[in-house]
Protein chains: 2
Amino acid sequence: MIENTDSAVLSRLRDFLATAQLPDGGRLPPERDLAEALDVGRGALRKALATLQAEGVVWRHVGKGTFTGERPIDTVADINAMVQRTNPLEVMGARIAFEPEVARCAALNATPSQITELRSAMMKAQQAPTWRLYEQWDNRLHRLIGESSQNSLLLGLLDTLNAVRRAVTWGRLRDTPVRPPPDHHSFEEHARIVEAIANRDGAGAADAMRRHLRSVEGHMRDMR
Amino acid sequence: MIENTDSAVLSRLRDFLATAQLPDGGRLPPERDLAEALDVGRGALRKALATLQAEGVVWRHVGKGTFTGERPIDTVADINAMVQRTNPLEVMGARIAFEPEVARCAALNATPSQITELRSAMMKAQQAPTWRLYEQWDNRLHRLIGESSQNSLLLGLLDTLNAVRRAVTWGRLRDTPVRPPPDHHSFEEHARIVEAIANRDGAGAADAMRRHLRSVEGHMRDMR
DNA sequence: TAACCGAACCAATCCTGAATTGGTTCGGAT
DNA sequence: ATCCGAACCAATTCAGGATTGGTTCGGTTA
């Protein structure tokens, strides 16, 4: 050991990083190994690493290791935060803005088997013996449309939207044994959406979805 | 074994479910155990379970088990999960589907002071001395449009989308000291969007935003 | 005295192999 | 023909140990 002043260790560490040429986000050797490789005590190395971390050159996490670049952004979008800020009216507005475009993508990208599934879910909803089962298949239908867009990010956003919707409309589940009337407004609207998707009619699907959601919105207000 | 017709097995299974009284989302015994408990072959049991699954009473997954109720959809908006499933192309597709509709809402709902802010952010982006600062003001502009929609849920979804976008396109930050050229394609596109919003022209705003994003998409491909 | 080093320990994380579980196939018995 | 048991497959879970950054403590050196 020649000189292990703080600055000497730091510069030797920078040297190592420059030489190592590791990819951005790459992982450094464990502190113990690195200390031995640089012929430095672990404490001194940690002090130097702390400096680099303060500079934003590296970031560390227990059990994971030390990595170059900046710490990746924190993970979960807080659905609870959205739920507290929003209200049923906003949820409906967001659905009317968002879901028609998802339907448009679905019309352009759905696979034949997905179209079959869409028709099946639609039928199941029509024949549902209770409101609860109807809503179950209605949900399934709307998510199938998201899956049919073949865009996992759109699907993720749709799931987020639905999670918020469920949280906001909590406790308003219709659990009556009464079944939806055979002329329930949604049935024909669903059919229009699914047929537009089957016909690869993007604009038609978006339009049909928009009409459907506006109709749902109208009935929501009537129930107040 | 008395009678193990399909319907008999099915009714015995329903009986078990009713008796077991497991909580919604609860887990059924493994097929092998359950088959033995009901004194039924596994194949027959599976046929009955398939029926229940078609009815939406239970759902199954290899390695996990069989559960009551609906298949849970990722309730947590785990951005990391989205990031891992998606790719830059999908991100662009989602933006093109989503952001024009946000712009439409913004045109209908933006307050005068928000319109002032929009113009300000647009100017700042035009005069940005570096690409990094340009992107910063570009981000600010797009989020301001989200705020102008006056729909906190739409804004939350937009933030989620942006978080994914940043994570996916990470490491491709342009940090050159060069500034965007004065005739950068985005400048006029931004202006069209902002003016459409200022004029309360929802369709125009959506259209301008769509053109803008398609243009960005095109330049992304050129850079490859 | 003060700084530094090595060693041990802690908690979070990763890793690996075994066990579990739904999905499938095949031969034999009824 | 049909059903059953057994074996196998692939996805998932689970448990234990190994790894890793964070911390503490006593001994050594300057």
Side-chain angles (χ1 to χ4, degrees), chain A residues 1-13 16-17 20 22 25-72 74-76 113, chain B residues 1-13 16-17 20 22 25-72 74 78 80-81 84-85:
Chain A
M1 253 173 261
I2 312 169
E3 59 165 348
N4 279 350
T5 71
D6 288 359
S7 65
V9 174
L10 187 52
S11 74
R12 225 185 302 177
L13 179 54
F16 169 84
L17 281 181
L22 15 88
R27 191 176 131 180
L28 277 66
E31 291 182 354
R32 292 162 178 82
D33 300 0
L34 192 52
E36 190 178 2
L38 299 185
D39 194 18
V40 170
R42 199 178 155 214
L45 174 63
R46 281 183 57 71
K47 210 182 287 183
L49 281 174
T51 306
L52 288 190
Q53 185 170 36
E55 288 176 4
V57 179
V58 302
W59 64 277
R60 304 185 275 180
H61 193 306
V62 191
K64 286 182 175 173
T66 305
F67 303 83
T68 64
E70 290 185 19
R71 164 179 278 105
D74 221 0
T75 59
V76 292
S113 79
Chain B
M1 254 173 260
I2 313 165
E3 58 163 350
N4 280 350
T5 72
D6 289 359
S7 65
V9 174
L10 186 53
S11 75
R12 225 185 302 176
L13 179 54
F16 169 83
L17 282 181
L22 10 91
R27 190 175 134 181
L28 278 67
E31 291 182 354
R32 292 161 177 83
D33 300 0
L34 192 52
E36 190 178 5
L38 299 184
D39 193 19
V40 172
R42 197 178 156 214
L45 173 63
R46 281 182 58 71
K47 209 181 290 184
L49 281 174
T51 306
L52 289 191
Q53 184 171 33
E55 289 176 5
V57 179
V58 301
W59 64 276
R60 303 185 276 180
H61 193 306
V62 191
K64 286 183 174 174
T66 306
F67 303 84
T68 63
E70 289 182 72
R71 165 179 273 103
D74 285 343
D78 188 350
N80 277 344
Q84 285 174 354
R85 287 197 207 100

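The figures that follow rest on heavy atoms only: side chains count, while hydrogens, waters and symmetry mates do not. In this text, all values refer to a predicted model and were calculated from it rather than measured experimentally.
The side chain of B:Val62 lies closest to D:dA11, out of D:dG22, D:dA11, C:dT20. For B:His61, counting side-chain heavy atoms from C-beta on, the closest listed nucleotide (D:dA11, C:dC4, D:dG22) is D:dA11. Closest contact between the side chain of B:Pro30 and the listed nucleotides C:dC4, D:dG21, C:dT21 involves C:dT21. Among C:dC14, D:dC3, D:dG22, the nucleotide with an atom closest to any side-chain atom of A:Glu31 is D:dG22. Distances were taken from every side-chain heavy atom of B:Arg46 (C-beta onward) to each of C:dT21, D:dG21, C:dT24; the shortest belongs to C:dT24. In this structure, the nucleotide among C:dG23, D:dG22, D:dC4 sitting nearest to the side chain of B:Ala44 is D:dC4. Out of C:dC4, C:dA8, C:dG23, the shortest distance to the side chain of A:Arg42 is found at C:dA8.
Remark: C1' of D:dT20 and CZ of A:Arg27 are 7 Å apart, rounded to the nearest angstrom. In this structure, the NZ atom of A:Lys47 is 8 Å from the P atom of C:dA3, given to the nearest Å. For the pair A:Arg60 CZ and D:dG21 P, the computed distance is 8 Å after rounding to whole Å.
The closest side-chain heavy-atom distance from B:Val40 to B:Leu34 is not below 4.5 Å. With a 4.5 Å cut-off on side-chain heavy atoms, A:Leu28 and A:Leu17 count as touching.
Taking 3.5 Å as the limit, the base of C:dG22 and the side chain of B:Arg32 contain a donor-acceptor pair of atoms between them.
In this structure, B:Gly65 reaches the sugar-phosphate backbone alone: every heavy-atom distance under 4.0 Å involves primed, P, OP1 or OP2 atoms, never a base.
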